[in-house]
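Structure first, then comments.
Values below: every heavy atom of this structure, side chains too, minus hydrogens, waters and symmetry copies.
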Amino acid sequence: MSSPEELAREKIDPVLEQCGWILQNRSTINLSASRGVAIREALLKDRDEVDYLLFVDSKAIGTVEAKPEGHTLTGVEEQSGKYGKGLLDIYPKWREPLPFAYESTGIETQFTNQLDPSPKSRNVFAFHRPETLLEWLEPEHQLNTRLANLLTADQMPTSNLWSAQIEAIHNLEKSLAANKRRALIQMATGSGKTYTAVNFVYRLIKLAGARRVLFLVDRGNLGDQTLKEFQQFVTPDDGRKFTELYNVQHLQSAQLDRVSRVCISTIQRLYSILRSFVWLNKRSHRTRSREETGSASCAFNEACGMASVAP
């Protein structure tokens, strides 16, 4: 009978594969088989082992700790941190301790980036691709580091903002610089909340190098209004319209424009996309299981295209 951890690994395996990782057992390690390799039950020092040891370009870069479905992942990152320091000397590594750690039940996944100014675990939709983790090793690609420097990166133009809007943007940047990812701006009706948000989005993209910003609205007509706000926004330092500098997409389908820097979506549409991704992911897992048992002949459904819209 399979243990709860083994059942969790059965769910984790296909998710890792969909995100670009080749799975291998520790008895048949071939780090040159792919750019991203995940070794199951890899041995560590003191006869310990980790559920998955992640390698990129033949060097260890992170770990995945599997937990049974329903297990509370909060606090497990401490265990993952110990794994990152306990590598055998035979493993080549990018740095020690390892910079990236995941805890997952196959349904819920947490991620910790030890390169952040103040590392904290956070929920993610799926595992990151090997090339993404490799890119994050470079300091200039660390978003949290850039957010920490946002307050001093540039003087905020004040000629186009009211005092309340300036205070809101300053306090939001102060919160993000302290690695507090969740923040709420409360402003009265008619005080220019959308305009304030567009101002901050511009600073987030230009000064912090954000690749894409998701702008959620609760009604379709608010999405139209938000798009017009971006189209009419004149950047305070450049003088050009926002949409002359960056692409803005008002999401009308499940297809995400990869060159858009801002994606406007209703909550309902985003929920529909994420629900479709979960359905595809579950169907992929069921199809893979049928193929392995030989009970049916079905093609494997690749869900990675949908995974890119989830974050």
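Counting non-hydrogen atoms of neighbouring residues, nucleotides and ligands closer than 6.0 angstrom, the NZ atom of K45 exceeds 12 such neighbours. The 12-atom threshold is exceeded at CG of N123, counting heavy atoms of other residues, nucleotides or ligands nearer than 6.0 Å. Enclosure of atom NZ in K120 by more than 12 non-hydrogen atoms of other residues, nucleotides or ligands within 6.0 angstrom is indicated.
Within the structure, ring-ring contact (aromatic ring centres under 6.0 Å, His included) pairs that include any residue of residues 8-29 do not occur (at least two apart or interchain). Legend: salt bridge (Lys or Arg N to Asp or Glu O under 4.0 Å) pairs involving residues 170-179, not counting sequence neighbours, sorted by first then second residue: E173-R203.
Taking the side chain to side chain contact (heavy atoms under 4.5 Å, CB included) definition, one finds that N171 meets it with E167, sequence neighbours left out. Residues satisfying the side chain to side chain contact (heavy atoms under 4.5 Å, CB included) test with L245, not counting sequence neighbours, are Y202, T235, D238, R240. Evaluation of the side chain to side chain contact (heavy atoms under 4.5 Å, CB included) rule for K241 yields V234, T243, E244 as partners, not counting sequence neighbours. R35 is linked by a salt bridge (Lys or Arg N to Asp or Glu O under 4.0 Å) to D57, counting only residues two or more places apart in sequence or in another chain. Here I185 pairs with A168, L172, M187 under the side chain to side chain contact (heavy atoms under 4.5 Å, CB included) rule; sequence neighbours left out. With sequence neighbours left out, E229 forms a salt bridge (Lys or Arg N to Asp or Glu O under 4.0 Å) with no residue at all. Under the rule for a side-chain hydrogen bond (donor to acceptor under 3.5 Å, both in side chains), the partners of S80 that lie at least two apart in sequence or sit in another chain are E103. By the salt bridge (Lys or Arg N to Asp or Glu O under 4.0 Å) test, D48 is found to be paired with no residue, residues two or more places apart in sequence or in another chain being considered. Residues satisfying the salt bridge (Lys or Arg N to Asp or Glu O under 4.0 Å) criterion with R122, sequence neighbours excluded, are absent altogether.
Distance check: L73 CG to S104 OG gives 7.0 Å after rounding to the nearest 0.5 Å. The distance from atom CD1 of I264 to atom CG of L214, rounded to the nearest 0.5 Å, is 10.0 Å. One finds the OG atom of S121 at 11.0 Å from the CG atom of D116 (value rounded to the nearest 0.5 Å). Taking NE2 of H128 as the reference point, atom CD1 of I61 lies at 11.5 Å (rounded to 0.5 Å). Rounding to the nearest 0.5 Å gives a distance of 12.0 Å between CD of Q110 and CD of E65. In this structure, CD in Q186 is found 10.0 Å from OG in S191, a value given to the nearest 0.5 Å.
Under the 4.5 Å side-chain criterion, counting only non-hydrogen atoms from C-beta, T196 is not in contact with W162. When side chains are defined from C-beta on, T105 does not count as touching I12, because their heavy atoms never get closer than 4.5 Å. Considering only heavy atoms from C-beta on, L54 stays 4.5 Å or farther from T63 through its side chain. Counting heavy atoms from C-beta outward, L270 and T266 have side chains that stay 4.5 Å or more apart. By the 4.5 Å heavy-atom criterion applied to side chains, F127 and T132 are not counted as neighbours.
Proximity of a side-chain donor or acceptor of S3 to a complementary backbone N or O of E6 within less than 3.5 Å is detected. At distances below 3.5 Å, not a single donor-acceptor pair connects side-chain atoms of N25 with backbone N or O atoms of S27. Formation of a donor-acceptor pair under 3.5 Å by the R212 side chain with backbone atoms of R258 is found in this model. Side-chain atoms of E17 never come within 3.5 Å of backbone atoms of L23 as a donor-acceptor pair (strictly under, hydrogens ignored). Looking only at distances, a side-chain donor or acceptor of S253 sits under 3.5 Å from a matching main-chain atom of Q255. No donor-acceptor pair under 3.5 Å is formed between the side chain of S272 and the backbone N or O of Q268.
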Practice item. Test side-chain contact (heavy atoms from CB on, under 4.5 Å) on V248 and R261 and set out the steps. Key: CA-CA 6 Å; V248 179; R261 302 300 292 273; over 6 Å; no
Practice item. Under the side-chain contact (heavy atoms from CB on, under 4.5 Å) rule, what do I273 and L251 come out as? Steps first, then yes or no, please. Key: CA-CA 11 Å; I273 292 173; L251 199 61; 3.5 Å; yes
Point to revise | Working for side-chain contact (heavy atoms from CB on, under 4.5 Å), residues D224 and H250 | key: CA-CA 8 Å; D224 295 333; H250 186 190; 3.0 Å; yes
Practice item. Decide side-chain contact (heavy atoms from CB on, under 4.5 Å) for F230 and Y246; before the verdict, give the C-alpha distance in whole Å, the side-chain angles of both, and the deciding distance to 0.1 Å. Key: CA-CA 10 Å; F230 275 102; Y246 307 112; over 6 Å; no
Exercise for review: Under the salt bridge (charged side-chain N to carboxylate O under 4.0 Å, His left out) rule, what do R40 and D51 come out as? Steps first, then yes or no, please.
Suggested key: CA-CA 6 Å; R40 298 185 185 95; D51 290 299; over 6 Å; no
Point to revise | CA sep, side-chain torsions, deciding dist, call: R26, E49, salt bridge (charged side-chain N to carboxylate O under 4.0 Å, His left out) | key: CA-CA 10 Å; R26 68 188 186 199; E49 63 181 42; 2.9 Å; yes
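In terms of heavy-atom proximity, R9 sits nearest to A66 at CG-CB, 3.9 Å. For S34 against I22, the heavy-atom pair with the smallest separation is CB-CG1, 3.2 Å. For the residue pair L115 and P99, the shortest heavy atom distance occurs at CG-CB, 3.8 Å. Looking at every heavy atom in both residues, A126 comes nearest to V15 through CB-CG1, 4.4 Å. Nearest heavy-atom pair, A188 versus K193, reported as atom, atom and distance to 0.1 Å: O-NZ, 3.5 Å. Across F215 and A197, no two heavy atoms sit closer than the pair CE1-CB, 3.8 Å.
A continuous path of hydrophobic side-chain contacts links V217 to V213 [ILVMFWY only; heavy atoms under 4.5 Å]. A continuous path of hydrophobic side-chain contacts links L216 to F125 [ILVMFWY only; heavy atoms under 4.5 Å]. The hydrophobic cluster containing V198 also contains I166, counting ILVMFWY residues as joined when their side-chain heavy atoms lie under 4.5 angstrom apart, directly or transitively. Both L137 and Y102 belong to a single network of hydrophobic side chains, linked directly or stepwise wherever heavy atoms of I, L, V, M, F, W or Y lie under 4.5 Å apart. Note on L176: it clusters hydrophobically with L207, by side-chain heavy-atom contacts below 4.5 Å among ILVMFWY residues.
Other residues sharing the hydrophobic cluster of Y91, ordered by chain and number and joined by side-chain separations under 4.5 Å: I29, L31, V37, I39, L43, L44, V50, L53, F55, Y83, L87, L88, I90, L98.
In this pair, F111 and F100 present their aromatic rings parallel. The plane angle is below 30°, not in the 30 to 60° band.
Residues N30 and S32 bring a donor and an acceptor atom of their side chains to less than 3.5 Å of each other.
Between K11 and E69 there is a salt bridge, with a side-chain nitrogen of the basic residue lying less than 4.0 Å from a carboxylate oxygen of the acidic one.
Between F233 and Y195, the ring centre distance stays below 6.0 Å.
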